[in-house]
Amino acid sequence: MSVPSTPDKRPVPVPMPQAEKADPTASLNQELKAADPALIGNDALLAAVFSGSGDCVKILDLDGRLQFMSDGGKRVMEVENFSAIKGCPWPDFWVDEGNLAAREAVEDARNGKTAHFVGSADTAKGNARYWDVQVMPILGPDGKPTHILSISRDMSEIRLAELALRESELRLKLALAAAQMGVWETHVVDGEFVSLRRDDRANLLLGGMPGEAPTFEGFASSVHPDDRYLLQPAADRALADDGDGVLDVEYRILAHDDQPERWVHARAQAIPMGNGTRFIGTVRDISERKEAEARQRILSGELQHRIKNSLAIVSAIASQTFKGDDVAERKKAFTSRLEALAQAHDILTAAAWKGAPIRTVINSALGPHRSAHEVFEIDGPDLELSAKQALSMGLALHELATNAVKYGALSQASGRVRIAWSLGRPDQTGGQEFTFTWHEIGGPSVAAPTASGFGSRVIKSVFAADFEGTVHLDYAPDGLVCMLIARLAPQGDGS
(Lines give C-alpha, C1' and ligand atoms only; values in the text may rest on other atoms or scores of the structure.)
Protein backbone atom coordinates (compact mmCIF):
# COMPACT_ATOMS: atom_id res chain seq x y z
CA MET A 1 0.00 0.00 0.00
CA SER A 2 1.48 3.32 -1.10
CA VAL A 3 1.37 6.42 1.04
CA PRO A 4 0.07 9.58 -0.72
CA SER A 5 2.39 12.56 -0.55
CA THR A 6 2.38 16.26 -1.37
CA PRO A 7 4.71 17.77 -3.93
CA ASP A 8 7.17 18.55 -1.15
CA LYS A 9 7.28 14.78 -0.53
CA ARG A 10 6.03 15.03 3.06
CA PRO A 11 3.73 12.07 3.96
CA VAL A 12 0.08 12.75 4.61
CA PRO A 13 -1.29 10.92 7.69
CA VAL A 14 -4.09 8.51 6.96
CA PRO A 15 -6.80 8.39 9.65
CA MET A 16 -7.31 4.93 11.15
CA PRO A 17 -10.83 3.67 11.90
CA GLN A 18 -11.82 3.92 15.59
CA ALA A 19 -14.28 1.75 17.51
CA GLU A 20 -17.45 3.59 18.28
CA LYS A 21 -18.16 4.23 21.95
CA ALA A 22 -21.12 2.35 23.31
CA ASP A 23 -24.13 4.56 23.84
CA PRO A 24 -25.80 3.45 27.10
CA THR A 25 -28.92 5.47 26.24
CA ALA A 26 -29.32 3.72 22.89
CA SER A 27 -28.83 0.34 24.52
CA LEU A 28 -31.42 1.16 27.18
CA ASN A 29 -33.92 2.38 24.59
CA GLN A 30 -33.47 -0.81 22.59
CA GLU A 31 -34.25 -2.90 25.68
CA LEU A 32 -37.26 -0.73 26.55
CA LYS A 33 -38.50 -0.88 22.94
CA ALA A 34 -38.29 -4.64 23.04
CA ALA A 35 -40.48 -4.61 26.13
CA ASP A 36 -42.89 -1.92 24.96
CA PRO A 37 -42.18 1.04 22.61
CA ALA A 38 -44.39 3.22 24.81
CA LEU A 39 -41.77 2.99 27.58
CA ILE A 40 -39.22 5.03 25.61
CA GLY A 41 -39.14 8.59 26.90
CA ASN A 42 -41.94 7.78 29.36
CA ASP A 43 -41.79 10.35 32.19
CA ALA A 44 -44.04 8.19 34.36
CA LEU A 45 -41.51 5.37 34.15
CA LEU A 46 -38.67 7.68 35.25
CA ALA A 47 -40.78 9.04 38.13
CA ALA A 48 -41.68 5.52 39.25
CA VAL A 49 -38.02 4.49 39.28
CA PHE A 50 -36.96 7.55 41.30
CA SER A 51 -39.87 7.19 43.72
CA GLY A 52 -39.77 3.44 44.19
CA SER A 53 -36.04 3.02 44.58
CA GLY A 54 -34.76 2.78 48.13
CA ASP A 55 -31.53 4.40 47.04
CA CYS A 56 -30.90 8.11 47.40
CA VAL A 57 -30.47 9.42 43.83
CA LYS A 58 -29.08 12.94 43.56
CA ILE A 59 -27.99 15.23 40.78
CA LEU A 60 -25.22 17.74 41.46
CA ASP A 61 -23.84 20.53 39.37
CA LEU A 62 -20.20 20.40 38.38
CA ASP A 63 -19.26 22.30 41.55
CA GLY A 64 -20.84 19.57 43.65
CA ARG A 65 -23.91 21.56 44.70
CA LEU A 66 -27.11 19.61 45.26
CA GLN A 67 -29.70 20.18 42.50
CA PHE A 68 -32.09 17.25 42.63
CA MET A 69 -33.03 14.37 44.98
CA SER A 70 -35.34 11.45 44.14
CA ASP A 71 -38.49 10.86 46.16
CA GLY A 72 -37.05 7.58 47.42
CA GLY A 73 -33.90 9.45 48.39
CA LYS A 74 -35.92 12.01 50.33
CA ARG A 75 -37.51 9.19 52.30
CA VAL A 76 -34.27 7.49 53.29
CA MET A 77 -32.60 10.85 53.97
CA GLU A 78 -35.67 12.00 55.95
CA VAL A 79 -35.90 15.21 53.90
CA GLU A 80 -39.26 16.97 54.25
CA ASN A 81 -38.33 20.25 52.50
CA PHE A 82 -35.79 19.76 49.71
CA SER A 83 -35.71 23.47 48.91
CA ALA A 84 -34.02 24.02 52.30
CA ILE A 85 -30.96 22.04 51.22
CA LYS A 86 -31.01 22.60 47.45
CA GLY A 87 -27.81 24.26 46.32
CA CYS A 88 -25.83 23.13 49.39
CA PRO A 89 -22.37 21.67 48.75
CA TRP A 90 -22.99 17.93 48.72
CA PRO A 91 -19.57 16.96 50.25
CA ASP A 92 -20.49 18.99 53.36
CA PHE A 93 -23.11 16.36 54.24
CA TRP A 94 -20.27 13.91 54.90
CA VAL A 95 -17.98 13.82 57.94
CA ASP A 96 -14.33 12.97 58.55
CA GLU A 97 -12.88 10.73 55.84
CA GLY A 98 -16.25 10.67 54.04
CA ASN A 99 -16.00 14.42 53.42
CA LEU A 100 -12.62 14.04 51.74
CA ALA A 101 -13.83 11.04 49.72
CA ALA A 102 -16.91 13.00 48.53
CA ARG A 103 -14.77 15.92 47.39
CA GLU A 104 -12.45 13.59 45.47
CA ALA A 105 -15.47 11.82 43.92
CA VAL A 106 -16.86 15.18 42.65
CA GLU A 107 -13.49 16.03 41.16
CA ASP A 108 -13.29 12.63 39.44
CA ALA A 109 -16.82 13.02 38.00
CA ARG A 110 -15.99 16.54 36.79
CA ASN A 111 -13.12 14.95 34.85
CA GLY A 112 -15.38 12.29 33.35
CA LYS A 113 -14.50 9.48 35.75
CA THR A 114 -16.66 7.36 38.06
CA ALA A 115 -15.94 6.99 41.77
CA HIS A 116 -17.01 4.85 44.67
CA PHE A 117 -16.67 5.22 48.46
CA VAL A 118 -18.36 4.34 51.74
CA GLY A 119 -18.90 6.73 54.63
CA SER A 120 -21.11 8.21 57.30
CA ALA A 121 -23.65 11.00 56.79
CA ASP A 122 -26.59 12.00 59.00
CA THR A 123 -30.11 12.30 57.66
CA ALA A 124 -31.90 15.65 57.68
CA LYS A 125 -33.29 14.72 61.11
CA GLY A 126 -29.83 14.00 62.50
CA ASN A 127 -30.01 10.20 62.45
CA ALA A 128 -26.68 8.54 61.73
CA ARG A 129 -26.48 6.45 58.57
CA TYR A 130 -23.76 4.56 56.76
CA TRP A 131 -23.79 4.70 52.94
CA ASP A 132 -22.33 2.96 49.92
CA VAL A 133 -21.95 5.66 47.25
CA GLN A 134 -21.52 5.58 43.47
CA VAL A 135 -20.63 8.90 41.74
CA MET A 136 -20.51 9.32 37.96
CA PRO A 137 -20.61 12.08 35.34
CA ILE A 138 -23.72 12.93 33.28
CA LEU A 139 -22.47 13.65 29.78
CA GLY A 140 -23.91 16.23 27.36
CA PRO A 141 -24.23 15.85 23.57
CA ASP A 142 -20.60 16.81 23.19
CA GLY A 143 -19.52 13.98 25.49
CA LYS A 144 -18.45 16.35 28.26
CA PRO A 145 -19.84 16.25 31.83
CA THR A 146 -22.75 18.62 32.42
CA HIS A 147 -23.86 17.29 35.78
CA ILE A 148 -22.91 14.69 38.36
CA LEU A 149 -25.05 11.72 39.39
CA SER A 150 -24.74 10.35 42.95
CA ILE A 151 -26.49 7.15 44.10
CA SER A 152 -26.24 6.37 47.83
CA ARG A 153 -27.41 3.07 49.28
CA ASP A 154 -28.18 2.84 53.00
CA MET A 155 -25.86 0.17 54.45
CA SER A 156 -26.49 1.03 58.11
CA GLU A 157 -28.02 -2.31 59.11
CA ILE A 158 -25.26 -4.24 57.40
CA ARG A 159 -22.68 -1.93 58.97
CA LEU A 160 -24.20 -2.39 62.43
CA ALA A 161 -24.25 -6.14 61.93
CA GLU A 162 -20.58 -6.05 60.89
CA LEU A 163 -19.66 -3.92 63.91
CA ALA A 164 -21.65 -6.20 66.22
CA LEU A 165 -19.88 -9.22 64.76
CA ARG A 166 -16.49 -7.57 65.17
CA GLU A 167 -17.34 -6.60 68.75
CA SER A 168 -18.55 -10.12 69.45
CA GLU A 169 -15.37 -11.56 67.98
CA LEU A 170 -13.29 -9.11 70.01
CA ARG A 171 -15.13 -10.01 73.23
CA LEU A 172 -14.65 -13.69 72.49
CA LYS A 173 -10.97 -13.14 71.76
CA LEU A 174 -10.50 -11.16 74.99
CA ALA A 175 -12.43 -13.76 76.99
CA LEU A 176 -10.32 -16.58 75.55
CA ALA A 177 -7.15 -14.60 76.25
CA ALA A 178 -8.27 -13.93 79.84
CA ALA A 179 -9.04 -17.63 80.30
CA GLN A 180 -5.73 -18.47 78.57
CA MET A 181 -7.59 -20.65 76.10
CA GLY A 182 -6.69 -21.49 72.54
CA VAL A 183 -9.15 -22.37 69.77
CA TRP A 184 -8.90 -25.39 67.52
CA GLU A 185 -10.99 -26.99 64.80
CA THR A 186 -10.88 -30.29 62.95
CA HIS A 187 -12.95 -32.11 60.34
CA VAL A 188 -13.69 -35.85 60.50
CA VAL A 189 -14.88 -37.80 57.45
CA ASP A 190 -15.63 -41.55 57.69
CA GLY A 191 -13.75 -41.70 60.98
CA GLU A 192 -10.63 -40.07 59.53
CA PHE A 193 -9.34 -36.65 60.58
CA VAL A 194 -8.86 -34.71 57.33
CA SER A 195 -8.11 -31.16 58.48
CA LEU A 196 -6.76 -29.39 61.53
CA ARG A 197 -6.69 -25.67 62.36
CA ARG A 198 -5.52 -23.90 65.52
CA ASP A 199 -4.90 -20.34 66.64
CA ASP A 200 -1.46 -19.34 67.92
CA ARG A 201 -2.30 -19.97 71.57
CA ALA A 202 -3.64 -23.46 70.83
CA ASN A 203 -0.60 -24.12 68.65
CA LEU A 204 1.71 -23.19 71.51
CA LEU A 205 -0.24 -25.19 74.11
CA LEU A 206 -0.26 -28.28 71.89
CA GLY A 207 3.44 -28.27 71.14
CA GLY A 208 3.53 -26.18 67.96
CA MET A 209 4.86 -22.74 67.18
CA PRO A 210 2.93 -19.51 66.40
CA GLY A 211 2.19 -19.29 62.70
CA GLU A 212 3.19 -22.91 62.13
CA ALA A 213 0.71 -25.01 60.14
CA PRO A 214 -0.42 -27.84 62.45
CA THR A 215 -0.39 -31.46 61.33
CA PHE A 216 -1.92 -34.55 62.91
CA GLU A 217 1.48 -36.24 62.93
CA GLY A 218 3.03 -33.30 64.77
CA PHE A 219 0.16 -33.21 67.25
CA ALA A 220 0.31 -36.95 67.93
CA SER A 221 4.06 -36.82 68.54
CA SER A 222 3.62 -33.97 71.04
CA VAL A 223 1.17 -35.94 73.22
CA HIS A 224 2.73 -37.89 76.08
CA PRO A 225 2.99 -41.58 75.06
CA ASP A 226 1.15 -42.68 78.20
CA ASP A 227 -1.83 -40.44 77.33
CA ARG A 228 -2.24 -41.04 73.59
CA TYR A 229 -4.70 -43.86 74.20
CA LEU A 230 -7.13 -41.30 75.71
CA LEU A 231 -7.72 -39.35 72.49
CA GLN A 232 -9.51 -41.87 70.25
CA PRO A 233 -12.04 -43.01 72.90
CA ALA A 234 -12.86 -39.35 73.64
CA ALA A 235 -13.56 -38.72 69.94
CA ASP A 236 -15.59 -41.94 69.67
CA ARG A 237 -17.77 -40.94 72.62
CA ALA A 238 -18.44 -37.54 71.04
CA LEU A 239 -19.35 -39.16 67.70
CA ALA A 240 -21.55 -41.89 69.22
CA ASP A 241 -25.23 -41.76 68.24
CA ASP A 242 -26.33 -41.80 71.87
CA GLY A 243 -23.74 -39.20 72.99
CA ASP A 244 -24.06 -35.46 73.53
CA GLY A 245 -21.49 -34.63 70.88
CA VAL A 246 -19.01 -33.22 73.39
CA LEU A 247 -15.35 -34.15 73.26
CA ASP A 248 -13.74 -33.74 76.67
CA VAL A 249 -10.26 -35.03 77.46
CA GLU A 250 -7.21 -34.17 79.57
CA TYR A 251 -3.71 -35.23 78.60
CA ARG A 252 -0.07 -34.25 78.82
CA ILE A 253 2.01 -32.46 76.20
CA LEU A 254 5.69 -33.32 76.07
CA ALA A 255 8.35 -30.70 76.74
CA HIS A 256 9.14 -28.72 73.58
CA ASP A 257 11.97 -26.25 73.09
CA ASP A 258 11.74 -23.95 76.13
CA GLN A 259 8.24 -25.22 77.05
CA PRO A 260 8.10 -27.67 79.98
CA GLU A 261 5.87 -30.73 80.03
CA ARG A 262 2.33 -29.63 80.81
CA TRP A 263 -1.24 -30.84 81.20
CA VAL A 264 -3.96 -29.54 78.86
CA HIS A 265 -7.75 -29.81 78.82
CA ALA A 266 -9.34 -30.03 75.36
CA ARG A 267 -13.07 -29.62 74.96
CA ALA A 268 -15.08 -29.36 71.72
CA GLN A 269 -18.56 -29.67 70.26
CA ALA A 270 -19.20 -32.04 67.36
CA ILE A 271 -21.24 -30.44 64.56
CA PRO A 272 -22.67 -32.87 61.95
CA MET A 273 -22.05 -31.79 58.34
CA GLY A 274 -22.96 -33.21 54.96
CA ASN A 275 -19.55 -34.76 54.46
CA GLY A 276 -18.64 -35.67 58.02
CA THR A 277 -18.35 -34.01 61.41
CA ARG A 278 -16.73 -30.76 62.40
CA PHE A 279 -15.22 -30.32 65.87
CA ILE A 280 -14.84 -26.77 67.19
CA GLY A 281 -13.38 -26.34 70.64
CA THR A 282 -10.89 -24.87 73.07
CA VAL A 283 -7.76 -25.99 74.83
CA ARG A 284 -6.24 -24.61 78.04
CA ASP A 285 -3.27 -25.27 80.26
CA ILE A 286 -4.31 -27.08 83.47
CA SER A 287 -0.81 -27.84 84.74
CA GLU A 288 -1.30 -25.77 87.91
CA ARG A 289 -4.51 -27.62 88.75
CA LYS A 290 -2.89 -31.00 88.15
CA GLU A 291 0.07 -30.02 90.31
CA ALA A 292 -2.32 -28.83 93.03
CA GLU A 293 -4.19 -32.14 92.84
CA ALA A 294 -0.90 -34.03 93.18
CA ARG A 295 0.09 -31.89 96.16
CA GLN A 296 -3.33 -32.46 97.68
CA ARG A 297 -2.92 -36.23 97.38
CA ILE A 298 0.47 -36.00 99.07
CA LEU A 299 -0.93 -33.76 101.80
CA SER A 300 -3.87 -36.09 102.36
CA GLY A 301 -1.51 -39.01 102.76
CA GLU A 302 0.70 -36.96 105.07
CA LEU A 303 -2.31 -35.83 107.09
CA GLN A 304 -3.44 -39.43 107.45
CA HIS A 305 0.02 -40.32 108.67
CA ARG A 306 0.09 -37.43 111.15
CA ILE A 307 -3.37 -38.24 112.49
CA LYS A 308 -2.28 -41.81 113.12
CA ASN A 309 0.83 -40.52 114.89
CA SER A 310 -1.23 -38.12 117.01
CA LEU A 311 -3.68 -40.85 117.95
CA ALA A 312 -0.74 -43.08 118.90
CA ILE A 313 0.60 -40.28 121.12
CA VAL A 314 -2.82 -39.82 122.76
CA SER A 315 -3.07 -43.56 123.31
CA ALA A 316 0.39 -43.62 124.89
CA ILE A 317 -0.45 -40.62 127.09
CA ALA A 318 -3.64 -42.32 128.26
CA SER A 319 -2.11 -45.71 128.92
CA GLN A 320 0.83 -44.23 130.83
CA THR A 321 -1.08 -41.55 132.72
CA PHE A 322 -3.87 -43.67 134.11
CA LYS A 323 -1.59 -46.17 135.83
CA GLY A 324 -2.11 -45.89 139.57
CA ASP A 325 -4.92 -45.38 142.05
CA ASP A 326 -5.20 -41.56 142.24
CA VAL A 327 -7.77 -41.10 139.45
CA ALA A 328 -8.34 -37.38 140.01
CA GLU A 329 -4.65 -36.56 139.82
CA ARG A 330 -4.21 -38.81 136.79
CA LYS A 331 -7.16 -37.20 135.06
CA LYS A 332 -5.67 -33.75 135.65
CA ALA A 333 -2.31 -34.85 134.23
CA PHE A 334 -3.99 -36.43 131.21
CA THR A 335 -5.96 -33.26 130.50
CA SER A 336 -2.89 -31.03 130.73
CA ARG A 337 -0.95 -33.30 128.39
CA LEU A 338 -3.75 -33.27 125.84
CA GLU A 339 -3.86 -29.47 126.06
CA ALA A 340 -0.12 -29.33 125.38
CA LEU A 341 -0.58 -31.59 122.38
CA ALA A 342 -3.50 -29.46 121.16
CA GLN A 343 -1.47 -26.26 121.46
CA ALA A 344 1.29 -27.78 119.36
CA HIS A 345 -1.31 -28.84 116.80
CA ASP A 346 -2.72 -25.30 116.70
CA ILE A 347 0.69 -23.89 115.84
CA LEU A 348 1.16 -26.39 113.03
CA THR A 349 -2.35 -25.93 111.68
CA ALA A 350 -1.76 -22.18 111.38
CA ALA A 351 1.33 -22.94 109.33
CA ALA A 352 -0.47 -25.57 107.21
CA TRP A 353 1.64 -28.28 108.89
CA LYS A 354 4.80 -27.04 107.21
CA GLY A 355 6.55 -26.58 110.53
CA ALA A 356 6.89 -23.84 113.14
CA PRO A 357 9.51 -21.42 114.56
CA ILE A 358 11.24 -22.82 117.64
CA ARG A 359 10.46 -19.71 119.75
CA THR A 360 6.74 -20.02 118.98
CA VAL A 361 6.76 -23.67 120.05
CA ILE A 362 8.66 -22.87 123.28
CA ASN A 363 6.47 -19.90 124.25
CA SER A 364 3.29 -21.88 123.58
CA ALA A 365 4.42 -24.86 125.67
CA LEU A 366 5.57 -22.68 128.59
CA GLY A 367 2.55 -20.34 128.55
CA PRO A 368 0.57 -22.11 131.31
CA HIS A 369 3.64 -22.13 133.57
CA ARG A 370 4.57 -18.45 133.40
CA SER A 371 4.03 -16.44 136.58
CA ALA A 372 3.80 -12.73 137.41
CA HIS A 373 7.58 -12.51 137.42
CA GLU A 374 9.59 -13.99 134.60
CA VAL A 375 11.02 -17.37 135.44
CA PHE A 376 12.28 -18.43 132.02
CA GLU A 377 15.41 -17.22 130.29
CA ILE A 378 15.22 -18.08 126.60
CA ASP A 379 18.10 -17.60 124.16
CA GLY A 380 18.95 -18.98 120.75
CA PRO A 381 19.01 -18.23 117.01
CA ASP A 382 15.95 -18.33 114.75
CA LEU A 383 15.18 -21.86 113.63
CA GLU A 384 12.30 -23.49 111.81
CA LEU A 385 11.29 -26.88 113.22
CA SER A 386 9.59 -29.56 111.18
CA ALA A 387 6.04 -30.56 112.13
CA LYS A 388 7.26 -33.73 113.83
CA GLN A 389 9.96 -31.86 115.76
CA ALA A 390 7.52 -29.15 116.86
CA LEU A 391 5.08 -31.71 118.31
CA SER A 392 7.73 -33.62 120.25
CA MET A 393 9.41 -30.45 121.58
CA GLY A 394 6.05 -29.09 122.72
CA LEU A 395 5.29 -32.29 124.63
CA ALA A 396 8.83 -32.55 126.06
CA LEU A 397 8.79 -28.93 127.32
CA HIS A 398 5.37 -29.46 128.87
CA GLU A 399 6.67 -32.49 130.78
CA LEU A 400 9.85 -30.65 131.87
CA ALA A 401 7.88 -27.60 133.01
CA THR A 402 5.27 -29.70 134.86
CA ASN A 403 8.05 -31.62 136.65
CA ALA A 404 9.81 -28.33 137.51
CA VAL A 405 6.59 -26.93 139.04
CA LYS A 406 6.04 -30.06 141.13
CA TYR A 407 9.54 -30.98 142.16
CA GLY A 408 12.13 -28.71 140.61
CA ALA A 409 13.16 -25.08 140.27
CA LEU A 410 9.66 -23.69 139.67
CA SER A 411 8.39 -25.12 142.96
CA GLN A 412 10.19 -22.25 144.76
CA ALA A 413 9.89 -18.49 144.24
CA SER A 414 13.63 -18.13 143.65
CA GLY A 415 13.75 -20.79 140.96
CA ARG A 416 14.60 -20.09 137.33
CA VAL A 417 14.87 -22.08 134.12
CA ARG A 418 17.41 -21.26 131.46
CA ILE A 419 16.53 -22.52 127.94
CA ALA A 420 19.17 -22.17 125.24
CA TRP A 421 20.04 -23.68 121.92
CA SER A 422 22.77 -23.27 119.34
CA LEU A 423 23.65 -24.31 115.81
CA GLY A 424 27.03 -25.46 114.54
CA ARG A 425 28.49 -24.62 111.15
CA PRO A 426 26.81 -26.28 108.16
CA ASP A 427 28.69 -29.29 106.85
CA GLN A 428 29.18 -30.21 103.19
CA THR A 429 25.59 -31.44 102.90
CA GLY A 430 24.12 -28.33 104.54
CA GLY A 431 23.31 -30.12 107.81
CA GLN A 432 24.09 -28.55 111.21
CA GLU A 433 24.72 -29.75 114.76
CA PHE A 434 21.88 -28.67 117.06
CA THR A 435 22.27 -28.43 120.84
CA PHE A 436 19.27 -27.71 123.07
CA THR A 437 19.56 -27.27 126.85
CA TRP A 438 16.99 -27.02 129.67
CA HIS A 439 18.79 -25.93 132.88
CA GLU A 440 16.97 -25.44 136.18
CA ILE A 441 18.52 -23.03 138.71
CA GLY A 442 17.68 -21.98 142.29
CA GLY A 443 15.37 -24.82 143.18
CA PRO A 444 15.52 -27.54 145.84
CA SER A 445 18.15 -30.23 145.81
CA VAL A 446 17.48 -32.74 143.06
CA ALA A 447 17.87 -36.51 143.04
CA ALA A 448 17.37 -39.00 140.24
CA PRO A 449 13.93 -40.67 140.33
CA THR A 450 13.74 -44.30 141.31
CA ALA A 451 11.24 -45.09 138.53
CA SER A 452 10.88 -43.82 134.98
CA GLY A 453 7.54 -42.11 134.31
CA PHE A 454 5.77 -41.07 131.12
CA GLY A 455 7.45 -37.67 131.09
CA SER A 456 10.98 -39.01 131.15
CA ARG A 457 10.09 -41.58 128.49
CA VAL A 458 8.69 -38.81 126.23
CA ILE A 459 11.90 -36.83 126.69
CA LYS A 460 14.35 -39.69 126.28
CA SER A 461 12.58 -41.55 123.49
CA VAL A 462 10.14 -39.37 121.49
CA PHE A 463 12.09 -36.10 121.82
CA ALA A 464 15.34 -37.76 120.83
CA ALA A 465 13.84 -39.89 118.04
CA ASP A 466 12.02 -37.03 116.31
CA PHE A 467 15.24 -34.99 116.24
CA GLU A 468 17.29 -38.08 115.35
CA GLY A 469 19.62 -37.25 118.25
CA THR A 470 20.37 -38.20 121.85
CA VAL A 471 19.01 -36.79 125.13
CA HIS A 472 20.98 -36.63 128.39
CA LEU A 473 19.20 -36.02 131.72
CA ASP A 474 21.54 -34.89 134.51
CA TYR A 475 19.88 -34.78 137.94
CA ALA A 476 22.56 -32.53 139.42
CA PRO A 477 21.93 -31.48 143.07
CA ASP A 478 21.62 -27.79 142.10
CA GLY A 479 19.07 -28.41 139.33
CA LEU A 480 18.03 -30.68 136.48
CA VAL A 481 19.82 -30.34 133.17
CA CYS A 482 18.27 -31.80 130.00
CA MET A 483 20.42 -31.66 126.88
CA LEU A 484 19.48 -32.70 123.35
CA ILE A 485 22.26 -33.10 120.77
CA ALA A 486 21.19 -33.76 117.19
CA ARG A 487 22.12 -33.11 113.61
CA LEU A 488 19.51 -31.09 111.69
CA ALA A 489 19.08 -31.87 108.03
CA PRO A 490 19.19 -28.98 105.51
CA GLN A 491 16.03 -26.85 105.49
CA GLY A 492 13.31 -28.56 103.49
CA ASP A 493 14.60 -32.11 104.12
CA GLY A 494 12.66 -32.60 107.36
CA SER A 495 9.15 -34.01 107.65
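Excluded from the calculations below are hydrogen atoms, water molecules and symmetry mates; all remaining heavy atoms, backbone and side chain alike, are included. All residue numbers refer to positions in the sequence shown, counting from 1. In this text the structure is predicted, and so the values were computed from the model without any measurement.
Using modelled atom types, no side-chain atom of Arg129 and backbone atom of Thr123 make a donor-acceptor pair closer than 3.5 Å. Judged purely by atom type and a 3.5 angstrom limit, Asp199 uses its side chain to pair as donor or acceptor with the backbone of Val183. Checking side-chain atoms of Ser364 against main-chain N and O of Val361 turns up no donor-acceptor pair under 3.5 Å. Here the side chain of Arg284 pairs no donor or acceptor atom with the backbone of His265 at under 3.5 angstrom. Under the 3.5 Å distance criterion, the side-chain polar atoms of Thr114 are left unmatched by any main-chain donor or acceptor of Val135. Between the side chain of Glu433 and the backbone N or O of Arg425 there is no donor-acceptor pair closer than 3.5 Å.
Proximity of Asp92 to Arg103: side-chain heavy atoms (C-beta onward) are separated by under 4.5 Å at one or more points. Proximity of Arg110 to Pro145: side-chain heavy atoms (C-beta onward) are nowhere separated by under 4.5 Å. Between His224 and Leu254 there is a side-chain heavy-atom pair separated by less than 4.5 Å. Taking the side chain as every heavy atom from C-beta outward, Ile253 and Leu205 never approach each other to under 4.5 Å. In this structure, the side chains of Asn363 and Ile378 come closer than 4.5 Å at one or more pairs of heavy atoms. Arg487 has its side chain within reach of Asp427: a pair of non-hydrogen atoms, C-beta onward, lies under 4.5 Å apart. Taking the side chain as every heavy atom from C-beta outward, Phe219 and Arg198 approach each other to under 4.5 Å. For the pair Phe436 and Phe463, the minimum side-chain heavy-atom distance is below 4.5 Å.
Residues passing the salt bridge (charged side-chain N to carboxylate O under 4.0 Å, His left out) test with Glu217, sequence neighbours excluded: none. Here Arg289 pairs with Glu250, Glu293 under the salt bridge (charged side-chain N to carboxylate O under 4.0 Å, His left out) rule; sequence neighbours left out. Ser120 meets the side-chain contact (heavy atoms from CB on, under 4.5 Å) test with Val95, Tyr130; sequence neighbours excluded. Taking Phe82 as the reference, nothing meets the ring pair (Phe, Tyr, Trp, His ring centres under 6.0 Å) condition, with sequence neighbours excluded. Asp285 meets the side-chain hydrogen bond (donor to acceptor under 3.5 Å, both in side chains) test with Ser287; sequence neighbours excluded. Listed by chain and number, the residues in a side-chain hydrogen bond (donor to acceptor under 3.5 Å, both in side chains) with Ser152 are Lys58 (sequence neighbours excluded). Partners of Asp227 according to the salt bridge (charged side-chain N to carboxylate O under 4.0 Å, His left out) rule, which considers only residues two or more places apart in sequence or in another chain, are Arg252. Scanning for side-chain hydrogen bond (donor to acceptor under 3.5 Å, both in side chains) contacts around Asp226 gives an empty result, with sequence neighbours left out. For Asp61, the salt bridge (charged side-chain N to carboxylate O under 4.0 Å, His left out) test picks out Arg65, with sequence neighbours left out. With sequence neighbours excluded, the residues satisfying side-chain hydrogen bond (donor to acceptor under 3.5 Å, both in side chains) with Trp438 are Glu440.
The neighbour count for Gln67 CD, taken as heavy atoms of other residues, nucleotides or ligands under 6.0 Å away, is above 12. The 12-atom threshold is exceeded at CG of Asn111, counting heavy atoms of other residues, nucleotides or ligands nearer than 6.0 Å. Around atom CZ of Arg197, no more than 12 heavy atoms belonging to other residues, nucleotides or ligands sit under 6.0 Å away. Counting non-hydrogen atoms of other residues, nucleotides and ligands closer than 6.0 Å to CG of Asp382 gives a total of 12 or fewer.
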ask   = Hey, mind stepping through Leu196 and Thr215 against side-chain contact (heavy atoms from CB on, under 4.5 Å) and telling me if it holds?
value = CA-CA 7 Å; Leu196 176 63; Thr215 63; over 6 Å; no

key: Test log, rule side-chain contact (heavy atoms from CB on, under 4.5 Å), inputs Thr435 and Trp421   = CA-CA 5 Å; Thr435 302; Trp421 64 94; over 6 Å; no

query = Where do Leu383 and Leu488 land on the side-chain contact (heavy atoms from CB on, under 4.5 Å) test, with the steps shown first?
reply = CA-CA 10 Å; Leu383 174 65; Leu488 297 183; 3.8 Å; yes

request  = Any chance you could lay out the side-chain contact (heavy atoms from CB on, under 4.5 Å) test for Met69 and Ile85, step after step, and finish with the verdict?
outcome  = CA-CA 10 Å; Met69 181 179 290; Ile85 59 173; 4.2 Å; yes

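How far CD1 of Ile151 is from CE of Met136: 4.5 Å, rounded to the nearest 0.5 Å. Taking SG from Cys88 and CG from Leu60, the interatomic distance works out to 11.5 Å, rounded to the nearest 0.5 Å. With values rounded to the nearest 0.5 angstrom, Ser150 atom OG is found 9.0 Å from Leu66 atom CG. With values rounded to the nearest 0.5 angstrom, Leu385 atom CG is found 12.0 Å from Arg359 atom CZ. Atom CG of Asp242 sits about 9.5 Å away from atom CG of Asp244, to the nearest 0.5 Å. Note: Arg237 CZ to Gln232 CD = 10.5 Å, rounded to the nearest 0.5 Å.
Across all their heavy atoms, Val471 and Ile459 have their closest contact at CG2-O, 3.4 Å. The shortest heavy-atom contact between Ala128 and Ser156 is O-OG, 4.4 Å. The two residues Ser195 and Thr186 have their closest heavy-atom pair at O-OG1, 2.6 Å. The two residues Thr277 and Ala270 make their nearest non-hydrogen contact at CG2-CB, 3.7 Å. Of all heavy-atom pairs spanning Met393 and Ile362, the tightest one is SD-CG1, 4.3 Å. Considering every non-hydrogen atom in both Val106 and Asp63, the closest pair reads CG1-C, 4.4 Å.
The salt bridge (Lys or Arg N to Asp or Glu O under 4.0 Å) analysis of residues 261-278, with sequence neighbours excluded, yields the pairs Glu185-Arg278, Asp248-Arg267. Here ring-ring contact (aromatic ring centres under 6.0 Å, His included) pairs that include residues 275-297, with residues two or more places apart or in two chains, number zero.
Ring geometry for Trp90 against Trp94 counts as perpendicular: the plane angle is over 60°, on a 0 to 90° scale with 30° as the lower cut. The aromatic rings of Phe467 and Phe434 sit parallel, their planes meeting at an angle under 30°, below the 60° perpendicular limit.
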